[in-house]
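Please read the structure below before turning to the comments.
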Amino acid sequence: MSRWESRAASAGALHTASAERSSDTDSFNAKDIQIILMQPSARYLIVDGHSVIFAWPELRRLHARRSSLAREALVKQLRDYQDWTGVRVVVVFDGKGKEVDTTSDPGEVQIFYSRNGQSADAIIERLASKYAKRHELMVATSDSMEAETVQACGADTIFA
């Protein structure tokens, strides 16, 4: 088994955690974006939010109706995955603001929105570059170029 037991198992667990847990210009300062690190040996899953939304048919259908519904459904599944596995989850979405926006409560899934003119990929790559040497990182994406870049930084990948 690999570092994460099995990439396929992790990807499947990520996709099904919700069902199993419940019924229902790219430069920026380090201050702009940081993962809240509480445990030095913690494992992290960084999710390319829109990449996953468009890779999963049920989320893609929600997105066609209303993009916020798809984002909320993904975050709920990721929260269930985090609770179920103990892997800390960070999800990154493309945003439209003037600066990087982050939302999270302690123990919750961390959510980042990139600033205008910056892609979620840039944030994910920066996170992988900064944290892959100190923590076990897995990046979930359907973008093969992004996957190659984060692997070069030392992170593992799951294809959504």
4.5 Å side-chain heavy-atom contact, Ile124 and Thr141:
no
Is there side-chain contact between Phe93 and Leu74, with at least one heavy-atom pair below 4.5 Å?
yes
For the residue pair Ala132 and Ala155, what are the closest heavy atoms and their distance?
CB-N, 3.9 Å
Which heavy atom of Ala122 sits nearest to which heavy atom of Gln118, and what is that distance?
CB-CG, 4.2 Å
Do you know the tightest heavy-atom contact between Lys133 and Cys153?
NZ-O, 3.3 Å
I want to check something: taking the side chain as every heavy atom from C-beta on, are Val150 and Glu125 in contact at a cut-off of under 4.5 Å?
yes
SB check Asp80 Lys76 (cutoff 4.0 Å):
yes
Which distance, rounded to the nearest 0.5 Å, do you find between the CG of Leu127 and the NE2 of His135?
11.0 Å
Output for pair (Arg126 CZ, Thr149 OG1), nearest 0.5 Å, gives 13.0 Å
Do the side chains of Asp48 and Val139 get nearer than 4.5 Å, heavy atoms only?
no
Nearest-0.5 Å distance, OH of residue Tyr44 to CZ of residue Arg88
6.5 Å
Does any non-hydrogen side-chain atom of Asp94 lie less than 4.5 Å from one of Ser119?
yes
Pairwise distance CD(Gln77) to CG(Leu59) - rounded to 0.5 angstrom
5.5 Å
What's the shortest heavy-atom distance between Ser114 and Ala120, and which atoms?
OG-N, 3.9 Å
Measuring from Phe159:CZ to Asp143:CG, what's the distance to the nearest 0.5 Å?
8.5 Å
Separation of Arg43 CZ from Asp156 CG (nearest 0.5 Å):
11.0 Å
Heavy-atom side-chain proximity of Arg71 to Ile53 below 4.5 angstrom
yes
Where do Ala73 and Leu62 come nearest, in terms of heavy atoms and distance?
CB-CD1, 3.7 Å
Any non-hydrogen side-chain atom of Arg61 less than 4.5 Å from a side-chain atom of Glu58?
yes
